**Student:** 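Let me give you the structure first, and then I'll get to my questions.
Remember, it's a predicted structure, so these values are computed and weren't measured experimentally. Below, read A as the first sequence line, B as the second, and so on, with proteins coming before strands; counting in each chain starts at 1.
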Amino acid sequence: MALNPQQKLAVSHVEGPMLVIAGAGSGKTKVVTSRICNLLNIGVPSSEIIALTFTNKAANEMRLRVQNQTNLQVWTSTFHALGVLILRESISHLGYDNSFTIYDAQDSLSLIQNCLVLLGQKKDRAIAKKCKMAISRSKNNLISAENFTPSSFEETEITGQVYSLYQKKLKEYGALDFDDLLYLPIALFKKEPEILASYQRRWRFLLIDEYQDTNKAQYQLIKCLAQTHQNIFTVGDPDQSIYSWRGADINNILSFEKDFPGAHVITLEENYRSTCHILNAAGGLITNNAQRYEKKLWSKQTGGEKVTIYYAQDERDEMRFIINTVMRCKENENLSFADMAIFYRTNAQSRLLEDAFLSQGIPYQIIGGVSFYERKEIKDLLAYVKVACFPSDAISFARVINLPKRGLGPSTCDKLYHAAAQSQMPILDFCIDLIHGNNSSVSLSKKQSAGVTEFVRILCLLQEKMKQNVAISDILKLAFDESGLTLSIKEDPETAQDRFANIDELLNKAISWEEERDETHSIYTFLEELSLNAQVKKEQQQALSMLTLHNSKGLEFPLCFVVGLEEDTLPHINCKDSVEGIEEERRLCYVGMTRAKRHLYLTSTSYKRIFGQSKFMTPSRFLSEIPEQYVQSNQSDFNDIEEDNEDAAIGKQVFHRDFGPGIIQRAYNTSLGLTYDIYFEDLQTTRSLVARYAKLQHGY
DNA sequence: GAGGACCGGTTTTTT
DNA sequence: ACCGGTCCTC
Ligand SMILES: Nc1ncnc2c1ncn2[C@@H]1O[C@H](COP(=O)(O)OP(=O)(O)OP(=O)(O)O)[C@@H](O)[C@H]1O
């Protein structure tokens, strides 16, 4: 595939700052990959190049492409994984131990909840979540706990206190949260210029994909690293900025030219991905954003089908349309399931799709979503291993000390935590001392003492095996067998089988993980990769993909659906109170649409079940913002009223705008004309409606 | 300390 | 409809 002149210009650029600003499908990622190959070809050592992508999946793909083309390995990762690399090497300069564990969102939330309770607040998950958001936002904006100021009426001084206490506890537990992985390297570089200088010498070329979604911390990190040599190459599309809620700031694009004076700016205008219909439809939508860089984007691919909008009556109808379309395209368009993807706004929307595909035997895979490693039984088992690896990790400790039940309830555990904190000991080591009688600061009943002894026995056993370099899978198996987690899984017979299967899967993953790497297989590395979500998920070859719009970034498929285009879903209800919010939702829709190569289907439903309640929806404003000439829809026959004759109508399914789906039970004439008695499922009542006025939709 | 009944908020998006 | 939190009883 030949690069166009603009792409060539970017790919052959060697030294100095460069910014590539270009629309969807114009080959930005392609340019990054090609430029890495070019640098390698002219002799730059692979160890001097760092490429940063938005997801681990994208990083793996890019690394593999480069490897295939040059046979060389280049460090390609997310910002967070780069943060871990830096911190593992140098965090001791900040007074942390370099054998830190990494807390996922659940762990951080538990810790924040604990901090709230310690500060005399009542236990409340919703408040803890808000706190977590505020702390996370602060870290991503490089605001320390000392400098924290409440930024909304919901946040109080308490949030600042929680932030301080939370950081203190993290340090005490030898743990970092996700945001620390960006925040601490910058703190380190500020504190120790010599360390920074060593990284500047080591990494001479930086490349950043999806630049429009970098936040302040990420920008600061690369700014530090590129300060001396200025060899920084960024590519992005302001119209695809969809992470402002995580602190992403398009102004980083403006800052780039300011912070790196003399930066070359290149634009790419040809889209190689989509047909004109799709590109123009998406382009028409995005022009509705007022705050915007105008960009040219065109495609040579004329013809093809228009974008299809399907207005469904209810969710069942929407699912039926999707299934029919999928099967039709598989038969007639020579597409495989792997060529198809469905995007939605929220993860919850995948449920109905899953049910539908399961019932039809259509193979599917969910990309992203609730991770395997977030499942309770997996987290429980891993918590045992983590406590053995990180004896200070009180969050993992608390997760499993009484799982299965060992007669150690909240108050006993609290005593242990307090006493351990008092004596400044790792919680596990404290318990070891306690049962050996080396410490008498906590008195336990016989039963409780037996419980602690049993727990400690398991962990010491695990630690011993780890010292002997026993295989990771064997450690996990041992942890599972010794801990008695079987008992707690069996407590819920409904789900037990699935959960045992998940445990099995984890063991198998560990086995193949170890087989893949020969020497460097420490259990610590294994746990770290799991925390970063960096495991390469094996893609199913013949499956249709289902993912959130956010996860669709950077991908492409011949056929795409964007589903649930209703007001309050997309745009989402929580984003509607500001123009910026709406504009970001519009960009989200734009990103989804521009993933499609040849076929694009947008669906909207007028009747939905939400929180167990029925709700009427109005079509998303975005649908009406797409220029009509690129669209075909079923809108025209949507309002058709079929004039039925009396008896033929009985038993038919109909749909009423207000009452939802129903079945005609009786048909007769009144002075107003043809009238039906209709039983409405959702209301569980029968109503008599005049056909002429009821505007029923038939035959669905 | 464990287990059950009851209440209320909940779903935005991810590394 | 579901999960997490609280309150109550044993
Ligand atoms: N010069 C070219 N000739 C042919 N195909 C190309 C060329 N450049 C890129 N492509 C193809 O166009 C598609 C889109 O490229 P790429 O994913 O790099 O775009 P992008 O700008 O990163 O897209 P987005 O920002 O929407 O994720 C890919 O399939 C790529 O192989």
Side-chain angles (χ1 to χ4, degrees), chain A residues 52-59 77-84 102-106 108-110 113 116-117 122-130 132-133 136-137 139-140 176-183 210 213-215 217-218 221 241-248 343-351 367-371 373-374 376 402-414 444-445 447-448 451 488 491 529-534 547-553 564 568-576 581 584-585 587-589 591-592 608-614:
Chain A
L52 298 174
T53 59
F54 202 74
T55 62
N56 289 298
K57 190 163 171 270
S77 76
T78 60
F79 278 91
H80 291 83
L82 180 68
V84 174
I102 300 167
Y103 278 177
D104 68 9
Q106 279 183 50
S108 318
L109 190 68
S110 310
Q113 227 166 343
L116 276 162
V117 172
K122 77 168 200 264
K123 204 172 180 187
D124 184 326
R125 218 162 151 267
I127 291 177
K129 269 192 178 165
K130 292 215 175 89
K132 183 173 183 302
M133 280 289 235
S136 174
R137 200 182 50 237
K139 288 188 184 175
N140 282 313
L176 305 185
D177 73 6
F178 252 86
D179 305 310
D180 287 334
L181 303 179
L182 303 176
Y183 182 88
E210 307 285 5
D213 275 319
T214 51
N215 61 36
Q218 292 168 325
L221 187 65
S241 172
I242 53 177
Y243 281 87
S244 71
W245 50 276
R246 221 171 77 181
F343 310 135
Y344 36 79
R345 179 64 177 81
T346 66
N347 284 305
Q349 291 171 267
S350 70
R351 276 287 196 72
I367 298 180
V370 180
S371 148
Y373 300 98
E374 286 167 41
K376 186 182 179 319
N402 200 29
L403 195 87
K405 300 257 151 31
R406 299 190 176 96
L408 301 164
S411 56
T412 310
C413 291
D414 275 348
L444 298 174
S445 72
K447 185 170 149 225
Q448 292 166 340
S488 60
E491 263 173 28
E529 279 195 25
L530 297 197
S531 313
L532 285 173
N533 215 3
L547 52 157
T548 61
L549 286 161
H550 282 90
N551 269 321
S552 76
K553 178 203 265 267
D568 296 356
T569 308
L570 181 67
H572 195 270
I573 190 161
N574 295 357
C575 305
K576 286 178 75 169
E584 181 147 322
E585 296 288 294
R587 288 194 293 271
L588 199 49
C589 187
V591 168
K608 230 175 195 179
R609 285 181 165 282
I610 234 163
F611 298 146
Q613 295 249 293
S614 304

**Student:** Please enumerate all protein N or O atoms sitting under 3.5 Å from an N or O of nucleotides 1-3 of chain B, with distances to 0.1 Å.
**Tutor:**
| from | atom 1 | to | atom 2 | distance (Å) |
| --- | --- | --- | --- | --- |
| dG1(B) | OP1 | S411(A) | OG | 3.0 |
| dG1(B) | OP1 | T412(A) | OG1 | 2.5 |
| dG1(B) | OP2 | P410(A) | N | 3.3 |
| dG1(B) | OP2 | S411(A) | N | 3.2 |
| dG1(B) | OP2 | S411(A) | OG | 2.9 |
| dA2(B) | OP1 | G407(A) | N | 3.4 |
| dA2(B) | OP2 | N402(A) | ND2 | 3.3 |
| dG3(B) | OP2 | K405(A) | NZ | 3.4 |

**Student:** Mark up nucleotides 3-10 of chain C, 5' to 3', with B wherever a protein heavy atom is under 4.0 angstrom from a base atom, S wherever such an atom reaches only the sugar-phosphate, and - elsewhere.
**Tutor:** -SSS----

**Student:** Does D179(A) have any salt bridge (Lys or Arg N to Asp or Glu O under 4.0 Å) partners at least two apart in sequence or in another chain, and if so, which?
**Tutor:** none

**Student:** Do the side chain of S552(A) and the main chain of L549(A) share a donor and acceptor less than 3.5 angstrom apart?
**Tutor:** yes

**Student:** How far, in whole Å, is dG4(C) from dT13(B) if one measures between their C1' atoms?
**Tutor:** 23 Å

**Student:** Just jot down the salt bridge (Lys or Arg N to Asp or Glu O under 4.0 Å) partners of R125(A), sequence neighbours excluded, or say none.
**Tutor:** none

**Student:** Quick one: is N56(A) getting a side-chain N or O under 4.0 Å of the dT14(B) phosphate, OP1 or OP2?
**Tutor:** no

**Student:** Given dT11(B), dT13(B), dT15(B), which nucleotide is nearest the side-chain atoms of K129(A)?
**Tutor:** dT11(B)

**Student:** Please name all residues satisfying ring pair (Phe, Tyr, Trp, His ring centres under 6.0 Å) with F54(A), sequence neighbours left out, ordered by chain then number.
**Tutor:** Y243(A)

**Student:** 5'-most contact on DNA chain B: L182(A) or E585(A), nearest heavy atom basis?
**Tutor:** E585(A)

**Student:** Could you state the atom-to-atom distance from CG of L109(A) to P of dT10(B) in whole Å?
**Tutor:** 13 Å

**Student:** side-chain contact (heavy atoms from CB on, under 4.5 Å) with T412(A): which residues, sequence neighbours excluded?
**Tutor:** L408(A), L444(A), Q448(A)

**Student:** With heavy atoms under 4.0 Å as the rule, sort F79(A) into base, sugar-phosphate or nothing.
**Tutor:** nothing

**Student:** Would one find a side-chain N or O of N551(A) under 4.0 angstrom from OP1 or OP2 of dT13(B)?
**Tutor:** no

**Student:** Using the salt bridge (Lys or Arg N to Asp or Glu O under 4.0 Å) criterion, which residues pair with D568(A)? Sequence neighbours excluded.
**Tutor:** K576(A), K615(A)

**Student:** Looking at the side chain of T346(A), which of dT15(B), dT10(B), dT13(B) is the nearest nucleotide?
**Tutor:** dT13(B)

**Student:** Just checking K553(A): base, sugar-phosphate only, or nothing, at a heavy-atom cut-off of under 4.0 Å?
**Tutor:** nothing

**Student:** Apply ring pair (Phe, Tyr, Trp, His ring centres under 6.0 Å) to H80(A) and list each qualifying residue two or more places apart in sequence or on a separate chain.
**Tutor:** F178(A)

**Student:** Round to the nearest Å and state the distance from L532(A) atom CG to dT14(B) atom P.
**Tutor:** 17 Å

**Student:** Expressed in angstrom and rounded to an integer, what is the separation of K132(A) atom NZ from dT13(B) atom C1'?
**Tutor:** 13 Å

**Student:** Over how many whole Å does the gap from Y103(A) atom OH to dT15(B) atom C1' extend?
**Tutor:** 18 Å

**Student:** How is D179(A) classified with respect to the nucleic acid when contacts are heavy atoms under 4.0 Å: base, sugar-phosphate, or nothing?
**Tutor:** nothing

**Student:** How many whole angstroms separate atom NZ of K130(A) from atom C1' of dG9(B)?
**Tutor:** 10 Å

**Student:** Expressed in angstrom and rounded to an integer, what is the separation of L570(A) atom CG from dT13(B) atom P?
**Tutor:** 13 Å

**Student:** Hey, is W245(A) doing a stacking thing with dT13(B), by the 5.5 Å centroid and 30° angle criteria?
**Tutor:** yes

**Student:** Is D177(A) paired with K132(A) through a side-chain N to carboxylate O contact shorter than 4.0 Å?
**Tutor:** no

**Student:** Rounded off to whole Å, could you give me the CG-to-P distance for the D213(A) and dT13(B) pair?
**Tutor:** 16 Å

**Student:** Would you please say whether a donor-acceptor pair under 3.5 Å links the side chains of T346(A) and Q349(A)?
**Tutor:** yes

**Student:** Using whole Å, report how far NZ of K576(A) lies from P of dT13(B).
**Tutor:** 17 Å

**Student:** Under the rule for salt bridge (Lys or Arg N to Asp or Glu O under 4.0 Å), what residues qualify as partners of K405(A), not counting sequence neighbours?
**Tutor:** none

